[in-house]
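Shown next, in structure tokens, is the structure this report addresses.
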There are 2 protein chains.
Amino acid sequence: MHKDYRNYAALMKALGDETRVKIFDMLTQGERCACKILDDFAITQSTLSYHMKILCDSGLVNGRRDGIWMRYTINPDTLEILKEFINGIEASCNEIDINCCKGDQRLNVFMVK
Amino acid sequence: MHKDYRNYAALMKALGDETRVKIFDMLTQGERCACKILDDFAITQSTLSYHMKILCDSGLVNGRRDGIWMRYTINPDTLEILKEFINGIEASCNEIDINCCKGDQRLNVFMVK
DNA sequence: TTGTTATATTGATATTCATCAATGTGTTGG
DNA sequence: CCAACACATTGATGAATATCAATATAACAA
């Protein structure tokens, strides 16, 4: 089981904005249409559309058209991937590295250790 | 218990880069010094220092000086804050909003609903 | 088909980000 | 003190980001 760090970084980046992380958390309540989401923020409609595109492109959020409206929900599969990665992180108390480097990093040249 | 979305976004942003999320995961193994971390990446020492500063500023990573070396570990308290937030997110299947907006968003003017 | 509402896209812009080379700072050994 | 090593900071730069105004697109209702 290989870790896809590029994907983890992309998921984190999608949530690395206050507006987007609020929207994501808001969707815990259930499906929301864009106009309802917009009510909660002091941003323009085009900016919201931009943020929703980022959330959807990351895979964290699904959008579906319902007539005039776009309705958004959390994508449970991608959420699970994120949860598993985060929960797999541990603050280990292992002993320190003893043997560190011997090199001249000014020149980016490393000698034998 | 109030949610600090600004902080959540800052934590996510700190991990929203492939190099940084790899470093963070690597620290699950235990304490690592900067020169050891540097071995695993094709970046310069100054770039690594920049990334370590971002990780430390976010609170996710602690650094301590040990003589010549800087040794880094995961900060368990901040990790716990992140875990609790992520694990609190759920992909709810609640019913949809029925009443959406009535307004002219071209003008950013909203009428009575 | 025409007008209205909801959402997406485009173009412009100011800001932030990731990166490197160069240089500065701190620590240790001799 | 001086030289060597580890790490931090600075300055420069190209790329990415967040935002808005303006406009386009899509769906529906009458």
Side-chain angles (χ1 to χ4, degrees), chain A residues 6 9-10 12-23 32-39 41-58 61 63-72 96-113, chain B residues 6 9-10 12-23 32-39 41-58 61 63-72 96-113:
Chain A
R6 186 174 308 239
M12 300 289 191
K13 185 177 286 189
L15 296 179
D17 175 275
E18 195 173 343
T19 300
R20 290 197 295 266
V21 80
K22 277 183 187 170
I23 292 170
R32 281 276 184 289
C33 74
C35 56
K36 277 268 189 169
I37 296 172
L38 187 58
D39 285 349
F41 298 91
I43 57 177
T44 65
Q45 177 268 324
S46 68
T47 299
L48 177 66
S49 187
Y50 163 80
H51 284 307
M52 296 317 296
K53 181 167 167 49
I54 288 174
L55 286 170
C56 289
D57 286 352
S58 77
V61 168
R64 70 179 180 93
R65 197 166 253 290
D66 177 18
I68 281 187
W69 301 288
M70 280 298 297
R71 302 194 187 273
Y72 296 100
I96 62 175
D97 302 323
I98 297 301
N99 298 318
C100 282
C101 305
K102 286 287 177 183
D104 190 344
Q105 296 185 354
R106 286 174 187 247
L107 306 176
N108 286 330
V109 170
F110 286 84
M111 295 132 209
V112 185
K113 289 165 194 162
Chain B
R6 184 172 310 238
M12 300 288 190
K13 185 176 285 189
L15 297 178
D17 175 273
E18 195 174 342
T19 299
R20 291 196 295 267
V21 80
K22 278 182 187 171
I23 292 170
R32 281 276 183 291
C33 74
C35 56
K36 278 267 189 172
I37 296 172
L38 187 58
D39 285 348
F41 297 92
I43 57 177
T44 64
Q45 177 268 323
S46 68
T47 300
L48 177 66
S49 187
Y50 162 79
H51 285 306
M52 296 316 298
K53 182 168 167 48
I54 289 175
L55 285 170
C56 289
D57 286 352
S58 76
V61 168
R64 70 181 180 91
R65 198 168 252 289
D66 176 18
I68 283 186
W69 302 289
M70 281 297 297
R71 302 194 185 273
Y72 296 100
I96 63 175
D97 302 324
I98 297 300
N99 298 318
C100 282
C101 306
K102 288 284 177 184
D104 188 344
Q105 296 184 354
R106 285 172 190 251
L107 305 175
N108 288 329
V109 171
F110 287 82
M111 294 131 210
V112 186
K113 292 169 194 160

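Labels below follow one simple rule: chain letters A, B, ... track the order of the sequence lines, proteins then strands, and each chain is numbered from 1. These figures come from a predicted structure and were not determined experimentally.
- Contact annotation: B/T47 side-chain N/O to C/dC20 OP1/OP2 distance is under 4.0 Å.
- Counting only distance, with no hydrogens or angles, the side chain of A/R20 and the backbone of A/H51 share no donor-acceptor pair below 3.5 Å.
- Residue A/W69 contributes atom CH2, which lies 12 Å from atom C1' of C/dT4 at whole-angstrom precision.
- B/I37 comes within 4.0 angstrom of no nucleic acid atom, judged by non-hydrogen atoms across all strands.
- For the pair A/S49 and C/dT7, the criterion of a side-chain N or O lying under 4.0 Å from OP1 or OP2 is not met.
- For A/S46 and D/dC20, the shortest distance from a side-chain N or O to OP1 or OP2 is not below 4.0 Å.
- Residue contacts for B/F41: at a heavy-atom cut-off of 4.0 Å it reaches no nucleic acid atom on any strand shown.
- Dashed line: the shortest gap from a side-chain N or O of B/R20 to OP1 or OP2 of C/dA18 is under 4.0 Å.
- One can place CG of B/D39 at 10 Å from P of D/dC7, the figure rounded to the nearest angstrom.
- When the side-chain nitrogen and oxygen atoms of A/R71 are compared with OP1 and OP2 of C/dT7, none of them lie within a distance under 4.0 Å.
- Note: CE (B/M52) to P (D/dA8) measures 8 Å, nearest angstrom.
- For A/K13, the side-chain contact (heavy atoms from CB on, under 4.5 Å) test picks out no residue, with sequence neighbours left out.
- When the C1' atom of D/dA26 is taken as reference, atom CD of A/Q45 falls 13 Å away, rounded to whole Å.
- When the P atom of D/dA18 is taken as reference, atom CD1 of A/I23 falls 12 Å away, rounded to whole Å.
- Between B/I54 atom CD1 and D/dT9 atom P the separation is 12 Å, expressed in whole Å.
- One can place NE2 of B/H51 at 15 Å from P of D/dT9, the figure rounded to the nearest angstrom.
- C/dC17 atom C1' lies 16 Å from atom CG of B/L15, rounded to whole Å.
- Counting distance only, with no hydrogens placed and no angle test, the side-chain atoms of A/T19 and the base atoms of D/dA18 include no donor-acceptor pair under 3.5 Å.
- Residues B/I68 and A/A42 each lie close to DNA chain D; by heavy-atom proximity, the contact nearer the 5' end of the strand is made by B/I68.
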